[in-house]
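What follows is a single structure, written as structure tokens, with notes after it.
Lettering of chains follows the sequences in order, A, B, ..., and the numbering in each one begins at 1.
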Amino acid sequence: MKKVYARPKYLKKVHFHYCPGCGHSIVHRLVCELAEEMKIQDKLIGIPPPGCSVFTYNYIDTDFVESAHGRGAAVATGIKRACPEALVFTYQGDGDIAAIGTGETIHAANRGEKITAIFINNAVYGMTGGQMAPTTLIDMKTTTSPFGREKDIEGFPIKLSEMVALTKGAVYIERTTVNSPAGIKKTKKAIKKAFQVQMDNLGYSLVEILSPCPTNWKMREIDSWKWIDEVMVNEYPPGVIKDTTNEQKKKKPKKKGKKKK
Amino acid sequence: MTKKKGRIEIDQEYCKGCGICIHFCPKDSISPAGKLNASGYMPAAFNDNGKCTGCAICALVCAEASIEVYRG
């Protein structure tokens, strides 16, 4: 029989430290598959965040530069400007990109930096023990909101993707999920397109991925996967939020041919 | 006996027993292994009931990239 699916070439042969049923490792695998498919492994430079995915460099066989809390977009800007031929992506959680790094992210998008952000949204601070994040849903119980998030005290869940979509520099923004086979395929397609936008030098691209966190949601693995479909998508509807790829391509001047004498 | 269309191999040491592949398998061809692995998890194992078509849904949803799929 022919082998049709195997561990991707650029996913290192080590055990993931993630909890069973976590969405991080699926996104890692998708990035590795894309690195192989698009033949970009030697060009990829990743910026892992502090958080559960801090050890991303242990798993994906590409170059990585660790950034401080929330500073992923700023570090990526520097790397991209120094090596324009590199394919720079930041891998950020919701506590990283939507709380401490909101400023960096929005301004990087507004400047139209040619970087890609992979935003893993699981609605809690995962690594530190499940505290309330800006993305936590109303009435959702966490260790710092034991009676549920109250809108009068803690405010509403922040929608970072929609905020970034308002900036002119952002070209491609999509929200997907990794809680079903279809969702995982869509996520792969979205990341591929985001990388392509960067390779075409069009501008900032961001893929928000709704990811399960069974440990901090205090659910069985499969229940947490279902919970995304039942509850989370009502607040964060998946789909393309902004796509100005075609307009940007039109704006780009065509390559100048050799002048005739 | 009909010819088998596909089969999978699950790396028992990488598997963390989250049970997602068992849930998504359309042919009920995956079940718990019945014994713990070195990390103390109950891994999933291929239950060869002859129905596996090698659709690779299990490998797609596997969070540990521990499933290899063969078809043909």
With only heavy atoms counted, which part of [X] is less than 4.5 Å from chain A, the side chain, the backbone, both or neither?
X: B/Y14; value: both
X: B/E13; value: both
X: B/I57; value: side chain

Crowding at [atom1], [X] (>12 non-hydrogen neighbours, <6.0 Å):
X: A/K242; atom1: NZ; result: yes
X: A/K186; atom1: NZ; result: no
X: A/K218; atom1: NZ; result: yes
X: A/Y57; atom1: OH; result: yes
X: A/K193; atom1: NZ; result: yes

Quick one: closest heavy-atom pair of [X] and [Y], and the distance?
X: B/F24; Y: A/P181; result: CE2-CD, 3.5 Å
X: A/W225; Y: B/V61; result: CH2-O, 3.6 Å
X: A/G21; Y: B/C18; result: N-CB, 3.5 Å
X: A/I26; Y: B/A63; result: CG1-CA, 3.7 Å

[X], part contacting chain B, at a heavy-atom distance under 4.5 Å:
X: A/K188; value: neither
X: A/I222; value: both
X: A/V27; value: neither

Checked B/S66, B/G19, B/A65, B/G72 vs chain A; the most non-hydrogen pairs under 4.5 Å come from B/A65

Heavy atoms only, distances under 4.5 angstrom: which of B/E9, B/K5, B/R71 has the most pairs with chain A? Name it, please.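 Highest number of heavy-atom pairs under 4.5 Å: B/R71.
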
Let me see the working for A/K226 and B/H23 under side chain to side chain contact (heavy atoms under 4.5 Å, CB included), right down to the final yes or no. CA-CA 11 Å; A/K226 285 178 188 162; B/H23 175 83; 3.7 Å; yes

Determine whether B/E68 and A/K3 satisfy the following criterion, salt bridge (charged side-chain N to carboxylate O under 4.0 Å, His left out), listing intermediate values before the conclusion. CA-CA 7 Å; B/E68 285 185 354; A/K3 194 185 274 188; 3.6 Å; yes

One should read off an interatomic distance between B/I67 CD1 and A/R7 CZ, to the nearest 0.5 angstrom, of 12.0 Å

Return the NE2 to SG distance between A/H15 and B/C15, rounded to the nearest 0.5 Å. 11.0 Å

Any sub-3.5 Å donor-acceptor pair from [X]'s side-chain atoms to [Y]'s backbone N or O?
X: A/K185; Y: B/L60; answer: no
X: A/R29; Y: B/C62; answer: yes
X: A/S25; Y: B/E64; answer: no

Could you tell me if the side chain of A/M1 sits less than 4.5 Å from the side chain of B/R7, heavy atoms only? yes

